[in-house]
Amino acid sequence: MKLYRMELYKLWHQKIFAICAVCTVLITVFYFGALEVDMEIAMVDGQRYYGYEAVKINRQITEKYRGELTDEKVAGIVEEYGLPSEVVYDYPGWRDANYLNGFVTDYLSDGYKRDWNNYKAPTAVYAIADTQLGEIEHAMGGKILFAYTNGWKAFLDTLQMGMILTSVLVLLSVSTVFAQEEQTKMLPLLFTTQEGKIKDTYAKMAAAFTLTVVVYIVMVLLCLLMSFCVFGLDGADCPLGMALSKELLVRFSVSYMPIASFVRMILGMDLLAMLLLCAITMCVSAHCTSSFGAVAMAAILWGAPLLVRMLSGGLGYFFTSCMPLFLIMTDSVYEAVSWGTRYAVAMLWVIIALTLICAEEGCRVYRRQP
């Protein structure tokens with residue numbers, strides 16, 4: 001235990017870790033404020049609101065209509081707020097919409113907006129039964145729940161960015177766990193101590209995984225806390241497609257699964273991604289004789305799946321889906337779940353196997369050092 005605490009202390013008190021940890025938090029907070037909060041807009045009674053004010057207005061007006069979605073509620077929304085029609089170049093969404101009439105336009109009208117050059121202002125609103133929402137209700141065997149779900153969207157978007165930054169932090173920190181001993185010529189001394197090769201190796205491995213899990217937990221809590229405090233986390237039982245602004249299709253059950261269920265999947269995949277990245281990085285570190293070489297090689301391996309996916313399909317596409325870079329991507333997990341349970345289970349086994357193999361290989365190579 002003493003050796004484990006020493007190794008954890010060495011990782012925790014690296015200057016590169018402290019600097020990158022602070023930068024990771026600051027960039028995540030900035031991303032949340034600039035791309036989630038500031039992009040919110042609400043048009044109510046002819047007055048346009050932006051940013052946090054728009055969030056408060058959208059939450060306030062949605063409270064009246066939350067619960068089971070009915071044609072009466074849809075009619076009430078249209079009567080009270082009308083339908084949007086204004087589109088502005090390089091702005092993602094209707095410029096004169098709020099959360100309520102924006103939802104009606106997207107899912108219950110003849111209007112659409114694919115981009116600022118390809119859109120149609122809504123002119124008619126359909127009954128729920130005559131739309132894809134009606135098909136979803138039939139497949140679910142009950143009414144669709146409606147609430148303000150932008151908090152979950154903000155959480156998932158920010159978490160994705162946070163996990164990218166966390167991956168960089170893990171790469172820079174864990175890359176030195178084995179390589180620095182070779183670089184500083186401390187291996188002969190370490191291997192002649194009372195603890196010996198085996199205890200020292202497993203202490204380093206345990207410290208690396210502990211650090212990885214801690215930074216993962218901190219990032220999740222940071223993103224969750226920001227989303228809860230600003231947007232709230234209402235609508236956990238609402239269909240996922242509503243939160244992600246995706247088309248609700250009966251043939252893809254993931255599109256109407258509860259948001260909370262998908263969030264649990266994302267959190268699990270993110271944890272597996274961090275553990276796999278840690279194992280890969282330790283394996284690379286054990287094969288390198290310098291910290292710089294370990295960091296560079298680990299970074300290349302982390303980004304390589306992006307190039308592989310661009311150049312391959314089939315099994316190549318499947319294996320890149322199991323890599324840390326894509327496991328933290330919301331759309332990648334959404335796609336994997338939409339392909340069925342067997343695909344997701346196969347991914348899970350591949351991830352676990354790769355994590356164990358890389359961790360064991362790193363330990364084996366390190367113990368073979370003279």
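In this structure, R114 is positioned above the aromatic face of Y112, its NZ or CZ under 6.0 Å from the six-membered ring centre and within 45° of the axis. Both tests pass for R309 against the ring of Y317: distance under 6.0 Å to the centre and angle within 45° of the axis.
Here the closest non-hydrogen pair linking L276 and P324 is CD2-CD, 3.7 Å. Of all non-hydrogen atoms in M205 and A359, the two that sit nearest each other are SD-CB, 4.1 Å. Counting all heavy atoms, side chain and backbone alike, S175 lies closest to T281 at OG-CG2, 3.2 Å. When all heavy atoms of R95 and V88 are compared, the pair lying nearest together is CG-CG2, 3.5 Å. When every heavy atom of A147 is checked against every heavy atom of G235, the shortest pair comes out as CB-CA, 3.7 Å. Here the closest heavy-atom approach between residue S173 and residue L11 is recorded as O-CD2, 3.6 Å.
In this pair, W12 and F17 present their aromatic rings tilted. The plane angle is within the 30 to 60° band.
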- prompt: Between Q14 and T176, does a side-chain hydrogen bond (donor to acceptor under 3.5 Å, both in side chains) hold up when you go through it step by step?
  reply: CA-CA 10 Å; Q14 295 179 94; T176 64; 2.9 Å; yes

message: Walk me through whether L35 and F30 qualify under side chain to side chain contact (heavy atoms under 4.5 Å, CB included).
response: CA-CA 8 Å; L35 275 79; F30 174 79; 5.5 Å; no

- request: Apply the test side chain to side chain contact (heavy atoms under 4.5 Å, CB included) to residues M329 and M163: give CA-CA distance (whole Å), side-chain angles for both, the deciding distance (0.1 Å), then the verdict.
  value: CA-CA 9 Å; M329 300 296 177; M163 284 298 149; over 6 Å; no

message: Applying side chain to side chain contact (heavy atoms under 4.5 Å, CB included) to Q160 and I328, what does each step give before you reach the verdict?
response: CA-CA 6 Å; Q160 177 175 286; I328 61 176; 5.6 Å; no

task: List the steps and the verdict of side chain to side chain contact (heavy atoms under 4.5 Å, CB included) for N101 and V78.
output: CA-CA 7 Å; N101 59 15; V78 175; over 6 Å; no

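Aromatic ring centres of F228 and F155: separated by at least 6.0 Å. Here Y99 and F103 keep their ring centres 6.0 angstrom or further from each other.
Note that NZ of K64 and CG of L100 are 9.5 Å apart. Values are rounded to the nearest 0.5 Å. Put simply, CG on L327 and CG on L271 are 11.0 Å apart, with the number rounded to the nearest 0.5 Å. With values rounded to the nearest 0.5 angstrom, D110 atom CG is found 9.5 Å from T105 atom OG1. Atoms CD and CZ, on E335 and F252 in that order, are 9.5 Å from each other to the nearest 0.5 Å. Between the CG atom in D96 and the CZ atom in R48 there is a gap of 6.5 Å [rounded to 0.5 Å]. A distance of 6.5 Å separates CZ of F231 from CG of N150, quoted to the nearest 0.5 Å.
Between L267 and V220 there is a side-chain heavy-atom pair separated by less than 4.5 Å. For the pair L69/K143, no side-chain contact is recorded, criterion being any heavy-atom separation below 4.5 Å from C-beta on. Within the 4.5 Å cutoff, side-chain heavy atoms of Y343 are placed close to those of S321. W94 is listed as a side-chain neighbour of P122, based on a closest heavy-atom distance under 4.5 Å. Looking at L306 and L325, their side chains come closer than 4.5 Å, going by heavy atoms from C-beta outward. Residues V215 and V170 meet the side-chain proximity criterion, which asks for heavy atoms closer than 4.5 Å. No side-chain heavy atom of K113 sits under 4.5 Å from any side-chain heavy atom of K120. Looking at F262 and W152, their side chains never come closer than 4.5 Å, going by heavy atoms from C-beta outward.
Using a distance-only test at 3.5 Å, with no hydrogens or angles considered, a donor-acceptor pair links the side chain of H287 to the main chain of C283. Proximity of a side-chain donor or acceptor of K73 to a complementary backbone N or O of F146 within less than 3.5 Å is not detected. For S261 (side chain) and M257 (main-chain N/O), no donor-acceptor pair under 3.5 Å exists by modelled atom type. Here the side chain of T131 pairs a donor or acceptor atom with the backbone of I128 at under 3.5 angstrom. A distance-only check finds a donor-acceptor pair linking the side chain of T24 to the backbone of C20 [under 3.5 Å]. Of the possible donor and acceptor atoms, one in the side chain of S332 sits under 3.5 Å from a partner among the backbone N and O of F326. Put simply, the side chain of N98 gets close to the backbone of M43: a donor and an acceptor are under 3.5 Å apart. Counting only distance, with no hydrogens or angles, the side chain of N58 and the backbone of V55 share no donor-acceptor pair below 3.5 Å.
A continuous path of ILVMFWY side-chain contacts below 4.5 Å connects M140 to V254, so both sit in one hydrophobic cluster. Transitive grouping of hydrophobic side chains (ILVMFWY, heavy atoms separated by less than 4.5 Å) brings M323 and L272 into a common cluster. Tracing side-chain contacts under 4.5 Å through hydrophobic residues (I, L, V, M, F, W, Y), one reaches M219 starting from L156; they form part of the same cluster. I16 and I164 end up in the same hydrophobic cluster when Ile, Leu, Val, Met, Phe, Trp and Tyr side chains are linked at under 4.5 Å. Residues Y31 and M39 do not share a hydrophobic cluster, clusters being chains of Ile/Leu/Val/Met/Phe/Trp/Tyr side chains in contact below 4.5 Å.
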For residues 239-251, which side-chain donor-acceptor pairs fall under 3.5 Å, sequence neighbours excluded?
unit_1	atom_1	unit_2	atom_2	d
K246	NZ	D331	OD1	3.4
E247	OE2	Q132	NE2	3.1

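More than 12 heavy atoms of other shown residues, nucleotides or ligands fall within 6.0 angstrom of atom OH in Y50. Atom CE of M297 has 12 or fewer heavy atoms from other residues, nucleotides or ligands within 6.0 Å.
Looking at E80 and Y65, their side chains do bring a donor and an acceptor atom within 3.5 Å of each other. For the residue pair T210/Y4, the side-chain donor-acceptor check at 3.5 Å is satisfied.
With side-chain heavy atoms closer than 4.5 Å counting as contact, directly or through intermediates, the hydrophobic cluster containing L311 also holds L307.
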